[in-house]
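Structure record follows, encoded as structure tokens.
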Amino acid sequence: MSSSLRIALAALAAALVIVVAQMVALDTDASLYLSFGEESAETLAYGESRLGEVYVKPNLGHDGRLFYIAAHDPLILDPDSYQELFERPVYRSQRGLFPVIASPALLLGDWPLVWWMLVMNVLAIGAGTFVTARIAEHLGLSPWLGLAFAANPGIWAELNAGGSGALAWALASAAVLALLRGRLRWSIALLAAAALSREAMLLVAIGLAAGIWRTDRRRALWLAAVPTGAVVAWGIYVRVRLGEPLWASESRELAAPFVGLVDAAREWIDRSDPMRAAVAGLYLVLGFRVFQLARSTRHLIGWAVIGFVLLIPFLSGVVWFDIWDISRALLPLVTGLALLAGLEPARGDSRS
């Protein structure tokens with residue numbers, strides 16, 4: 001058994017232990033990770049009508065409840081249900097791959113769907129750790145750097161929210177490995193799948209394309225165009241099915257440069273919340289350090305994550321204010337930092 005596989009299995013086992021411990025501590029089941037919220041009466045009623053008693057979180061809840069609903073109709077054949085149950089149907093429907101992969105579990109019933117959604121995220125942690133370890137080995141680094149995937153706070157935020165970010169980043173990481181190995185078609189396909197899981201992963205595709213632009217413009221165009229085309233095509237389909245204009249966005253996650261950070265700072269001051277401010281500060285430092293390392297190493301790893309550094313000024317106050325939301329928005333930076341930091345001493349031998 002390879003070192004990468006052993007490390008991935010250890011991460012998978014750790015994820016399982018943590019998941020089970022959380023459910024035992026809260027005396028609940030896998031509905032914990034659907035993240036139904038007490039302030040979203042419609043989605044909660046939908047879940048309870050099919051599952052019975054479910055775990056209910058404060059506020060509106062998170063992504064898992066909406067992926068659960070979407071898995072019942074991943075192709076939006078009944079757009080009325082989306083309009084009734086989703087507070088932002090266009091925005092929420094953009095991440096179409098996760099419910100598509102989850103939906104076959106419904107052949108066994110609604111509770112198997114709930115458990116399969118949780119298993120998907122746990123498996124994504126193991127797979128992402130394996131792929132990151134293999135990237136590290138390819139670069140001549142320790143495979144233990146694979147744990148930079150599993151130990152990423154954003155990954156755990158995605159798991160607890162029932163989101164698609166762990167799957168998306170695992171797919172994008174696999175695309176990076178495929179490109180490093182010269183497997184362009186696999187890289188393109190994986191980048192498209194990653195972007196259909198979470199549209200922000202287009203930043204990885206565009207970054208990789210920029211990284212090879214000078215040496216191979218044809219490959220660069222394919223890397224950027226196919227994932228972008230997939231997201232645009234699905235986005236058009238979503239808007240047509242929902243009867244919305246093609247330019248409809250519904251995003252509250254982006255703002256004018258640094259306006260979101262200023263808005264969040266006002267909230268931190270008003271609420272006397274230094275912890276949230278400190279975490280935001282850490283992510284600012286993280287972004288700056290990743291930028292420095294990406295610039296000094298000039299490696300494809302840096303190009304893969306640099307888009308998320310450039311995203312930092314444009315994140316809204318809603319994202320900056322919450323610790324878990326900012327960790328999810330900037331999820332690739334933690335993994336990228338670990339690889340780039342390991343790469344820096346040997347950058348002369350490891351550039352791609």
field: Side chain to side chain, W268 and F321, heavy atoms closer than 4.5 Å
entry: yes
- request: Apply side-chain contact (heavy atoms from CB on, under 4.5 Å) to R328 and V319, showing your working.
  value: CA-CA 9 Å; R328 294 168 67 194; V319 177; over 6 Å; no
Which atom pairs, one a donor and one an acceptor, fall under 3.5 Å between side chains of residues 205-213 and the rest of the protein, sequence neighbours left out?
none

- prompt: How long is the span from the CG atom in L97 to the CZ atom in R198, to the nearest 0.5 Å?
  reply: 14.5 Å
query: Can you name the salt bridge (Lys or Arg N to Asp or Glu O under 4.0 Å) partners of R92, sequence neighbours left out?
result: D63, E87
- prompt: Under 4.5 Å between side-chain heavy atoms, hopping through other hydrophobics if needed: is there a path connecting V24 to L34?
  reply: no
query: Is L75 reachable from L66 through a run of I, L, V, M, F, W or Y residues, each pair having side-chain heavy atoms under 4.5 Å apart?
result: yes
- request: Test side-chain contact (heavy atoms from CB on, under 4.5 Å) on F288 and V309 and set out the steps.
  value: CA-CA 7 Å; F288 179 71; V309 176; over 6 Å; no
statement: Interatomic distance, CD1@I312 vs CG@L261, rounded to 0.5 Å, equals 9.5 Å
Distance-only criterion, 3.5 Å: show the donor-acceptor pairs between side-chain atoms of residues 109-127 and protein atoms not counting sequence neighbours.
| residue | atom | partner | partner atom | Å |
| --- | --- | --- | --- | --- |
| D110 | OD2 | Y68 | OH | 2.5 |
| D110 | OD2 | H72 | NE2 | 2.7 |
| W111 | NE1 | L51 | O | 3.2 |
| W116 | NE1 | I101 | O | 3.3 |
| N121 | ND2 | G163 | O | 3.2 |

Contacts of type side-chain hydrogen bond (donor to acceptor under 3.5 Å, both in side chains), residue R239, not counting sequence neighbours: Q94
- request: Begin from the C-alpha positions of L60 and R65 and carry the test side-chain contact (heavy atoms from CB on, under 4.5 Å) through to its verdict.
  value: CA-CA 10 Å; L60 287 173; R65 64 197 169 102; 4.2 Å; yes
- line: Nearest heavy-atom approach of Y55 to T28 is CB-OG1, 3.5 Å
query: Tell me the side chain to side chain donor-acceptor pair (under 3.5 Å) pairs involving residues 1-25, sequence neighbours left out?
result: S3-R6, S4-E137, Q22-Y33, Q22-N160
- request: Looking only at non-hydrogen atoms, find the nearest pair between A133 and P143 and report the distance.
  value: CB-O, 3.3 Å
- request: Specify the closest pair of heavy atoms between Y82 and P89, including all atoms of both residues, with the distance to one decimal.
  value: O-CB, 3.9 Å
message: I want to check something: taking the side chain as every heavy atom from C-beta on, are I301 and L139 in contact at a cut-off of under 4.5 Å?
response: yes
field: Lys/Arg cation over aromatic Y46: R50, 6.0 Å, 45° cone
entry: yes
message: Applying side chain to side chain donor-acceptor pair (under 3.5 Å) as the test, list every pair that has at least one member in residues 301-323; sequence neighbours left out.
response: R276-D322
- prompt: Can you get from V100 to L167 by hopping between Ile, Leu, Val, Met, Phe, Trp and Tyr side chains that sit under 4.5 Å apart?
  reply: no
field: Pairing residues for D73 by the side-chain hydrogen bond (donor to acceptor under 3.5 Å, both in side chains) criterion, not counting sequence neighbours
entry: none
- line: dist F36:CZ -> E48:CD (nearest 0.5 Å) comes out at 8.0 Å
- prompt: What closest approach, in Å, do W156 and A15 show between heavy atoms, and which atom pair accounts for it?
  reply: CH2-CA, 3.6 Å
query: Would a 4.5 Å heavy-atom cut-off, applied to side chains only, mark L293 and V290 as touching?
result: no
List the atom pairs, donor and acceptor, that lie under 3.5 Å between side-chain atoms in residues 180-197 and the rest of the protein, sequence neighbours left out.
| residue | atom | partner | partner atom | Å |
| --- | --- | --- | --- | --- |
| S187 | OG | A175 | O | 2.9 |
| S197 | OG | A193 | O | 3.0 |

Exam field: side chain T335 to backbone P332, donor-acceptor pair closer than 3.5 Å: no
- prompt: Taking only residues two or more places apart in sequence, or in another chain, which ones meet D216 in a salt bridge (Lys or Arg N to Asp or Glu O under 4.0 Å)?
  reply: R219
message: Do L221 and L203 land in one hydrophobic cluster if side-chain heavy atoms of ILVMFWY residues count as linked below 4.5 Å?
response: no
Test side chain to side chain donor-acceptor pair (under 3.5 Å) applied to T43 and S40, step by step: CA-CA 6 Å; T43 58; S40 183; 2.7 Å; yes
message: For a 4.5 angstrom cut-off between non-hydrogen side-chain atoms, does I7 reach F130?
response: no
- prompt: Between CG of D325 and CG of L330, what distance do you get to the nearest 0.5 Å?
  reply: 11.0 Å
message: Measuring only between side-chain heavy atoms, which start at C-beta, is L311 closer than 4.5 Å to L254?
response: yes
- line: Applying side-chain hydrogen bond (donor to acceptor under 3.5 Å, both in side chains) to R295 and not counting sequence neighbours gives none
task: Answer yes or no: is there a side-chain heavy-atom contact under 4.5 Å between W324 and V279?
output: no
- request: State yes or no: do L310 and L223 share one hydrophobic cluster built from I, L, V, M, F, W and Y residues joined by side-chain heavy-atom distances below 4.5 Å, directly or via other members?
  value: no
message: Suppose the criterion is salt bridge (charged side-chain N to carboxylate O under 4.0 Å, His left out): which pairs have a residue in residues 17-40, not counting sequence neighbours?
response: none
field: Minimal non-hydrogen separation, M23 against L32, with atom names
entry: CG-CD2, 4.3 Å
Closest non-hydrogen atom pair between S93 and W234, with its separation: O-NE1, 2.9 Å
Residue pair L337, L333: steps toward the side-chain contact (heavy atoms from CB on, under 4.5 Å) verdict: CA-CA 6 Å; L337 175 66; L333 294 186; over 6 Å; no
message: Would you compute the distance between atom OG of S327 and atom CG of L331 and round it to the nearest 0.5 angstrom?
response: 7.0 Å
query: Does a side-chain heavy-atom distance below 4.5 Å link M201 with V204?
result: yes
- line: Rounding to 0.5 Å, atoms NZ (K57) and CG (L26) come to a distance of 9.0 Å
- prompt: With side chains defined as the heavy atoms from C-beta onward, is the minimum distance between L339 and T132 less than 4.5 Å?
  reply: yes
task: State whether the side chain of E250 and the backbone N or O of V90 hold a donor-acceptor pair below 3.5 Å, judged by distance alone.
output: yes
- request: Not counting sequence neighbours, which residues clear side-chain hydrogen bond (donor to acceptor under 3.5 Å, both in side chains) with E253? List them please.
  value: R88, Y91, S251
